[in-house]
Amino acid sequence: MHGSHDHSHVAVDANNETRMGIAALITGAFMLIELAGGIVANSLALIADAGHMLTDFASLTLAWFAFRLARRPADWKRTYGFDRFQVLVAFTNGLALFVIAGWIVYEAIHRLSAGEAHVAGGIMVAIGVAGLLVNIVAFLLLRGADRENLNVRGAALHVLGDLLGSVAALVAGAVIVLTGWTPIDPILSMVVALIILRSGWFVVSESAHILLEGAPHELDTREIAPDIVGNVPGVDEVHHVHVWSITQSRRMATLHAVIGDGSEIDTVVQGVKARLKEKFNLDHATVEIERCRCADEADEHNRASA
């Protein structure tokens, strides 16, 4: 069972890695074009989106590296391997989105308070269209990866923010060409910044929950103990239940199970693990069997007596 699971996991990560790498390359290449166009057109929307694409390029590259690093086997220093590096990258990417959004809002307010500035709407439209196409391709690449992977989701949100930035630049350019009203440029930039903030909050909160060893959101750990006692023969009590995630798709659990004198340890352990897999989708569990007092409580009692 573990062999087939690991093979599938490696195949999925290889697909994620390839798609992430291609998305990083096309994002980085277009970022240079957009930055040059923003400077020539004097467009905050284009410059802001180019800055966002710069961090996206760095984020996608780091995410690609995280998948490569996750291939490395566990060792005596890192017994769970390097899988969680993906979550750490996602957390960093989320924080970067906050910084980007803050800078865009600051620049937009500064431009609005300084009065109208000349903006080349035609250049904005042309680069906005090109950027939209590039970001659609990058987004579709990531949509074809494992969308349950937090690293992929964080990268996809970065690209989606870029896509919306390109739409804002396109709309702002069209308005400027048709009406000459340049404040639309910083106004739409702030709208994009708010969308980026929302995306950043999602990535940061999800990755922080995993880094803090939180239980999966859809799992109520309070249900585990009574469910095992009621469905696994030979189990009299379950306590010290802990559930956490290495990554979104790699969950771990530990628990203590008190059994009767006539119960077979191997049979009970197999039953507990099967129930955890069937009912709670937990296929990596460590079960400690006890026949009387909990070993942890016994240690506390001995220390108190001493």
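Every heavy atom of this structure was used, including side-chain atoms; hydrogens, water molecules and symmetry mates were not. Here the structure is a predicted model, which means the values were calculated and not measured.
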Could you point out which residue of L141, L60, L140 forms a side chain to side chain contact (heavy atoms under 4.5 Å, CB included) with R19?
L141
Which value, rounded to the nearest 0.5 Å, describes the distance between [X] atom [atom1] and [Y] atom [atom2]?
{"X": "T286", "Y": "H256", "atom1": "OG1", "atom2": "NE2", "value": "10.0 Å"}
{"X": "I127", "Y": "I33", "atom1": "CD1", "atom2": "CD1", "value": "8.5 Å"}
{"X": "L95", "Y": "W201", "atom1": "CG", "atom2": "CH2", "value": "10.5 Å"}
{"X": "H284", "Y": "K273", "atom1": "NE2", "atom2": "NZ", "value": "10.0 Å"}
{"X": "E17", "Y": "L69", "atom1": "CD", "atom2": "CG", "value": "10.5 Å"}
{"X": "R84", "Y": "R250", "atom1": "CZ", "atom2": "CZ", "value": "9.5 Å"}

Sequence neighbours excluded, which residues qualify as side chain to side chain contact (heavy atoms under 4.5 Å, CB included) partners of L194?
L197
Tell me whether the count of non-hydrogen atoms from other residues, nucleotides or ligands lying under 6.0 Å of CD in E264 goes above 12.
no
Return yes when atom CZ of R291 has more than 12 non-hydrogen atoms of other residues, nucleotides or ligands closer than 6.0 Å, and no otherwise.
yes
Please work out which of the three classes, parallel, tilted or perpendicular, describes the rings of Y80 and W244, given edges at 30° and 60°.
perpendicular
Contacts of N231 meeting side-chain hydrogen bond (donor to acceptor under 3.5 Å, both in side chains) (sequence neighbours excluded), chain-then-number -> D227
Does any pair with a residue in residues 121-132 pass side chain to side chain donor-acceptor pair (under 3.5 Å), and if so which ones, sequence neighbours excluded?
none
If you look at every heavy atom in [X] and [Y], which pair is closest and at what distance?
{"X": "A193", "Y": "A101", "value": "O-CB, 3.5 Å"}
{"X": "P216", "Y": "S245", "value": "CG-OG, 3.7 Å"}
{"X": "P186", "Y": "T182", "value": "CD-O, 3.5 Å"}
{"X": "A74", "Y": "G81", "value": "CB-N, 3.6 Å"}
{"X": "G94", "Y": "V204", "value": "C-CG2, 3.4 Å"}

List the atom pairs, donor and acceptor, that lie under 3.5 Å between side-chain atoms in residues 168-180 and the rest of the protein, sequence neighbours left out.
| residue | atom | partner | partner atom | Å |
| --- | --- | --- | --- | --- |
| T179 | OG1 | V175 | O | 2.6 |
| T179 | OG1 | W181 | N | 3.2 |

Between [X] and [Y], is there shared hydrophobic-cluster membership here, with clusters defined by ILVMFWY side-chain heavy atoms closer than 4.5 Å?
{"X": "I187", "Y": "V105", "result": "yes"}
{"X": "V134", "Y": "I136", "result": "yes"}
{"X": "L188", "Y": "Y106", "result": "no"}
{"X": "F65", "Y": "I246", "result": "no"}

Check for a donor-acceptor pair, side chain of S205 on one end and backbone N or O of F202 on the other, with a separation under 3.5 Å.
yes
Polar side-chain atom of H209 near backbone of A215 as donor-acceptor pair, under 3.5 Å:
yes
Are side-chain heavy atoms of [X] and [Y] found at a separation under 4.5 Å?
{"X": "L132", "Y": "V167", "value": "yes"}
{"X": "V203", "Y": "F91", "value": "no"}
{"X": "M190", "Y": "I109", "value": "yes"}
{"X": "H239", "Y": "E290", "value": "yes"}
{"X": "E206", "Y": "H217", "value": "yes"}

Evaluation steps, salt bridge (Lys or Arg N to Asp or Glu O under 4.0 Å), between R222 and D220:
CA-CA 5 Å; R222 296 171 295 183; D220 188 343; 3.0 Å; yes
Quick one: name the residues clustered hydrophobically with I224, using the 4.5 Å side-chain heavy-atom rule over I, L, V, M, F, W, Y, and just say none if it's on its own.
L219, I228, V229, V232, V235, V238, V241, V243, L255, I259, I265, V268, V269, V272, L276, F280, L282, V287, I289
Any chance you could pull the hydrophobic cluster mates of I39, using side-chain heavy atoms under 4.5 angstrom and chaining through other members?
L35
